[in-house]
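Working notes for the structure below.
As a basis for the values below, the full set of heavy atoms in this structure was taken, side chains included, without hydrogen atoms, waters or symmetry mates.
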Amino acid sequence: MNNSAPEIAMDAVLKGSEKMPEGSKTVKGYDFNNGLDYGALLATYKLSGFQATNFGKAVDEINNMISRRFEEPPKEGQKTNCAISLGFMHLKRTLNERYAFLPDKQELEIHVITNYPVMTEKPWNENQTERNKTRLWQRQEEVEETLQRNLNHPLVTAVHLLVNQPLAEQRLHELNLHNKQKVFLHRVKALPTYRDFFDYANDRLKNQVVIVMNMDIYIGEGFEKLNKTFLVKQNVSYALTRSGRREQRCNMDGKRGYCETGYIGSHDVYIFVLTQRLKESILSQLDYEMHLYGGDNRLLWVLKNQMKKKLLNPCRYLRTYHNHCVDIHSSIRRRINENGKSGWVPPSGLYK
């Protein structure tokens, strides 16, 4: 019996080895025992086979394009040396959904709406657990530290401040804030209500990524993951539970009801996109002040049942922080989430 391979197989696939030319590179993959280095990992694609080699060449080309962006433009008035565009083909139906959620530039433009008071003046000083001016000024400083952190966030395009005191407007003009050009003031007649916030978004921020939140909350890590297309196409609103960390005056980490310490129904941050105007029947359900007991849960009910939003709470992925070391709170806080008008959204993922 002849044990040699058939001649036709030898000619087709079982070719003999030949000596490689001088200077040829060795086919070798990435050694993960060296730790994860994304640059080195991508560089090994050029030595990993035909398709991978071409992918590796594309990586080199993109790196060259990125480098060129930081060179001096050759022509006066030209903004950049290299404009990079993204194009794709729908090769398979199973990939369409993934391509649909590719981020665009507008996704990274976040509009924060919150309020700004002068804590030592009426009406804000009338319903606080303390009226000691020194303590109230300490609380004022916390609010302003929080405002500055939101202004400093690179993805925040604007911070829209609802004010109901002439002194608050005056103080904001006098404050030496970094990124002050991001501040937009809007006057309201009394203590701001949720309706005031949604009225403002309704009139001025259609089709924008809007974040409504309390004045002592600032946004932290993970917001580059915000996907406007997903929020719009799936009619999703995020209702985030806050987190805590060490602040200037105390350590806010590990407080009861935070994202990491056990969900108890508390929410401070609401992210949404309004693609059409809200009806009066919806806005009228939001005509109450933010500090009332159960106010957040009542808003969840409105978002879900009146605005027909799917609610998620990805507080572990989109971090927001509570800056409230000075222990002063509103003293008048009736409950608002009664008669079944209450919502509950435990921590979740970004998409489900």
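Using a 4.5 Å cut-off on side-chain heavy atoms (C-beta onward), Pro192 and Glu289 make no contact. Between Lys304 and Lys309, every side-chain heavy-atom pair lies at or beyond the 4.5 Å cut-off. Put simply, the side chain of Asp296 reaches to within 4.5 Å of the side chain of Ser266, judged on heavy atoms.
Lys233 contributes no side-chain N or O that, together with a main-chain N or O of Lys228, makes up a donor-acceptor pair within less than 3.5 Å. Using a distance-only test at 3.5 Å, with no hydrogens or angles considered, a donor-acceptor pair links the side chain of Lys180 to the main chain of Leu175. At least one donor-acceptor pair closer than 3.5 Å links the side chain of Asn150 to the backbone N or O of Ile219. No donor-acceptor distance shorter than 3.5 angstrom exists from the side chain of Asn179 to the backbone of Lys182, with no hydrogens or angles considered.
Using cut-offs of 30° and 60° on the angle between ring planes, the pair Tyr194 and Phe197 is tilted.
Note: Tyr317 and Phe223 fail the aromatic proximity criterion, with ring centroids not under 6.0 Å apart. Remark: aromatic rings of His111 and His160 are close, center separation under 6.0 Å.
In terms of heavy-atom proximity, Leu226 sits nearest to Leu231 at CD2-CD1, 4.4 Å. Residues Ile113 and Val210 approach most closely at CD1-CG1, 3.7 Å, considering heavy atoms.
Annotation: side-chain hydrogen bond (donor to acceptor under 3.5 Å, both in side chains) contacts of Asn202 (sequence neighbours excluded): none. Remark: Gln140 engages Tyr116, Glu144 in a side-chain hydrogen bond (donor to acceptor under 3.5 Å, both in side chains) (not counting sequence neighbours).
A donor-acceptor pair shorter than 3.5 Å can be found between the side chains of Ser243 and Arg319. In this structure, a donor-acceptor pair under 3.5 Å is absent between the side chains of His178 and Asn152.
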